[in-house]
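None of these values were measured; they are calculated from a predicted model. Order of the sequence lines fixes the chain letters, A, B, ..., with proteins taken first and strands second; residue numbering starts at 1 for each chain. Just the heavy atoms: all of them, side chains too, but no hydrogens, waters or symmetry mates, feed the values below.
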Protein chains: 2
Amino acid sequence: MLDPIARLRRFNRAVTREVGVLDTSFLGRGRPLGAARVLQLVQAEGTDVALIRDRLALDSGLMSRFLRSLEREGLITTATDPADRRRRIARLTPRGQEEMAAYDSIGRDRAARLIARARSRAGEVVAAMDLIATLLNRDQLAIRPADPDSPEALACLQAYFDELVARVPAAQAGMFSLPDPQSDSYRPPKGRFLIAWSDDLPVGCVSLRPLDGTVAEVKRLWVHDSARGQGLARRLMTAIEDEAKAMGVGLLKLDTNSALTEALALYRATGWTATAPYTGTPADTWLEKAL
Amino acid sequence: MLDPIARLRRFNRAVTREVGVLDTSFLGRGRPLGAARVLQLVQAEGTDVALIRDRLALDSGLMSRFLRSLEREGLITTATDPADRRRRIARLTPRGQEEMAAYDSIGRDRAARLIARARSRAGEVVAAMDLIATLLNRDQLAIRPADPDSPEALACLQAYFDELVARVPAAQAGMFSLPDPQSDSYRPPKGRFLIAWSDDLPVGCVSLRPLDGTVAEVKRLWVHDSARGQGLARRLMTAIEDEAKAMGVGLLKLDTNSALTEALALYRATGWTATAPYTGTPADTWLEKAL
DNA sequence: CAAGAGACCTGACTATAGTCAACCAATATG
DNA sequence: CATATTGGTTGACTATAGTCAGGTCTCTTG
C-alpha cells in the first residue's frame, strides 16, 4: 500500500465519500444534487449554459432538465444569447440569489470545519487542493483577456510581486505598486492583460503595454504555483505575442532578473535576445524579440 | 475567487468530475459502481464486511445487496466470522482475484496518466493527495498492533530512518538497520509494534521492546508527513503506554535527539523526565516515565 | 437466563442520474 | 444557397443508489 496507484485509490475513496457527505448536506435544501451543482454555477449577471454543462460534464438533455426544474422553482431565468441565438444564458433571480447565499453558507461551514481540522496546516491543505484541482482541470485551462483593474487581475499582480520579493534579492516589498486604475496602458487598444483560468481560479497572467511607436513591452508574466511545470508560461507568452502581432507591434521588449531562472530559460528558448538596458532595479536583464 | 471556500468548491467540482470519469471507466467492466467499490475492498485473505461498510459509509441493506450480487457473479464468497458469528467475512474467489487484477490495471492506467500529466511534480501531487485523504479520513484513523516484519511495518521504519537522517545532524544513513526477522523483541508477549492506519495507508507507528525486568523501551515513534499536526503522536504514545501497562511494565525509557523538537516537547508535556544515558549516538537525550 | 443490542438479510419502495432518439432553430460552410 | 453542424429541448426509458421496516440469529449484560 505504498505505491502511487494505491494512494490514488485511497484518495479517490476518501474524496468520493466526502463528496457524498457534501451531497447529503446540500440535499438538505430539498433539491437533488445535479440541480444544486448547476445552480451554483449560475451567476447573477448570467452564465452561458454551455459553459456550465462543460464544467460539470453533463449530458445536454440532463442539463436542460435541470434548468427547467430550477426555472420552475423560480430560482433562475433563461434567455437566448443575443450574440448567438442558438445559445442560452441563465441568470439568477432574486430568489435564486438568496438560495445561492444559503448554499454559500453551507459551503462556508464545511470549509471552515475542514480548515479547523487541518489546524496549523490549513495553508498546505488549500495549496494541495489547488494543485490537484489544477491538474484535473488541465484540459479546461483557458487564457482570456481581462480588465487590468479587475479583482482577479490585481490578485495575480499581488502574487507576482510577492514572488519577486521572495526570489529576487534586489527586490523590496515597497518597490511595486498596483496599476493606476486611470491608466489605459494595459487596456485595449493600447495594451493587453491576459489571465489564464483553471475553472474559476486565475492561475497565470501576462500583460503588454506600449513603449513607443511599434515597440511594446511584455510585463508581469506570472504562473500560480499549482500550475507550474506544465508549460503554461510558454502558452501565455505565445498568447501575448499573438496579441501584439495582431495589434501591429513590430518589436517586443522585456526586463527581468537573472534570479528568475525558469523565465529566463523560457525567453532564451523562444527567440528572445539581449538588448540595451532600458529600466533600472530590480531588473538586471533586458531582452527583445522582433515579431 | 481567492478565498478558501471558493477554492474548496473548485476542488470539489474538479474531483466530482474526476470521480465521475473513474466511475464510467470502471463501469466498463459491466458492474455498477457500488458493487465495484465493494469488490475493491474485499481481500483475498478475507475482509470483515462491517469494515468495508464503514469505509464506504454504506447502508447495511445496500451493502448486503452488493455482496449478494458479487456472490451471484462468483467473485466472492461470504462466511460467518468464527470469532463473532453475527459478523460476516467476505473472501475473493479465484475469479474475483482475476477481476480485481483487471480493476487494478484500470486504476494503474489512470494513475499513470495522471502522474504523467504532473510530470516533474508527481511526488508533490501524491503528497497532496495523501494530505487531503488523511484529513478527510481523520475520523477513521485506527491504531492496531502489527507484525514488526510486515511490509507496512518495514515501510514505516524506513520512513522513520529516512527522517532521522534528514533531521538529526549526528545520524548517518548506514546507522540504522531494519529489525532482524528472527527477533521477537517487538512481538508479543515481549514487545509490541503498533501502526496507525488511515484507510489502508500506514501513517504512524510506535514500538515497545523489553529492557530488563519490568523496564521496557519505547522506540520508533514516527508520524507520516500527511498526518502531522493533528495529535497523532500523542495518541500513539498513549496507546503504547497503555499496552505497556497492560503487560505489567513498571518503568518506560526512551532515547531521542534534541533536533526532534516536536517529539521532545510531546515527551516533556506527557510526564517524561530525564534519566541517565543508556545508549549512544545519535541519541543525546534520555527520558523515563513511571507507569 | 431473560432482555436488549448488534450484525446482517430481505422485500418493497422512491428518487435520481443518466441515455437515446427525434426534433427545432440558428449558424457556419463549401 | 443548399447542407452540415451546433446548441438546445422534449419524451420515453433504464439503471442505480438509497431508505425503511420487519425479521433472524447471535452476543452481551444485569
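Arg53(A) has a side-chain polar atom (N or O) that falls below the 4.0 Å cut-off from OP1 or OP2 of dG8(D).
Rounded to a whole Å, the CG atom of Leu33(B) is 19 Å from the P atom of dT16(C). Going from atom CG of Asp59(A) over to atom P of dT14(D) covers 17 Å, rounded to whole Å. Atom CD1 in Ile89(B) sits roughly 10 Å away from atom P in dC8(C) (whole-Å rounding). Rounded to whole angstrom, the span from the CG atom of Leu51(A) across to the P atom of dT6(D) amounts to 18 Å. If you measure from atom CZ of Arg29(B) to atom C1' of dT16(D), you get 20 Å, rounded to the nearest angstrom. Here the P atom of nucleotide dC9(C) and the CZ atom of Phe66(B) are 13 Å apart, to the nearest Å. Atom-to-atom, CG of Leu58(A) to C1' of dC20(C) comes out at 16 Å; the value is rounded to the nearest Å. The CG-P distance, from Leu62(B) to dA12(C), rounds to 17 Å in whole Å.
Side chain of Pro32(B), nearest nucleotide from dT19(D), dA17(C), dT16(D): dT16(D). With dG8(D), dG18(D), dT10(C) as the choices, the nucleotide that has an atom nearest any side-chain atom of Ser64(B) turns out to be dT10(C). When distances run from any side-chain atom of Arg65(A) to the nucleotides dG11(D), dT9(D), dA17(C), the shortest one goes to dG11(D). When each of dC20(C), dA17(C), dC9(C) is scored by its nearest atom to the side-chain atoms of Arg68(B), the top-ranked nucleotide is dC9(C).
Other residues, nucleotides and ligands contribute over 12 non-hydrogen atoms within 6.0 Å of the CZ atom of Arg68(A).
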Review point. Would Leu135(B) and Gln230(B) count as a side chain to side chain contact (heavy atoms under 4.5 Å, CB included) if you check the C-alpha gap in whole Å, the side-chain angles of each, and the deciding distance to 0.1 Å?
Key: CA-CA 9 Å; Leu135(B) 188 67; Gln230(B) 305 191 350; 3.2 Å; yes
Exercise for review: Please report the C-alpha distance between Val125(B) and Arg117(B) in whole Å, then the side-chain angles of each, then the deciding distance to 0.1 Å, and finally whether the side chain to side chain contact (heavy atoms under 4.5 Å, CB included) criterion is met.
Suggested key: CA-CA 10 Å; Val125(B) 169; Arg117(B) 277 183 168 200; over 6 Å; no
Practice item. Please lay out, stage by stage, how Leu236(B) and Ile240(B) fare under the test side chain to side chain contact (heavy atoms under 4.5 Å, CB included). Key: CA-CA 6 Å; Leu236(B) 282 167; Ile240(B) 202 78; over 6 Å; no
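One side chain, Thr134(B) or Arg10(A), offers a donor N or O that lies under 3.5 Å from an acceptor on the other.
Within the 4.5 Å cutoff, the side chain of Asp200(B) has heavy atoms near those of the Arg55(B) side chain.
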Point to revise | Under 4.0 Å protein heavy-atom contact, by nucleotide of nucleotides 21-30 of chain C - B base, S sugar-phosphate only | key: -----BS---
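For Arg95(A) and Glu98(A), the salt-bridge test fails: no basic side-chain N is under 4.0 Å from an acidic carboxylate O.
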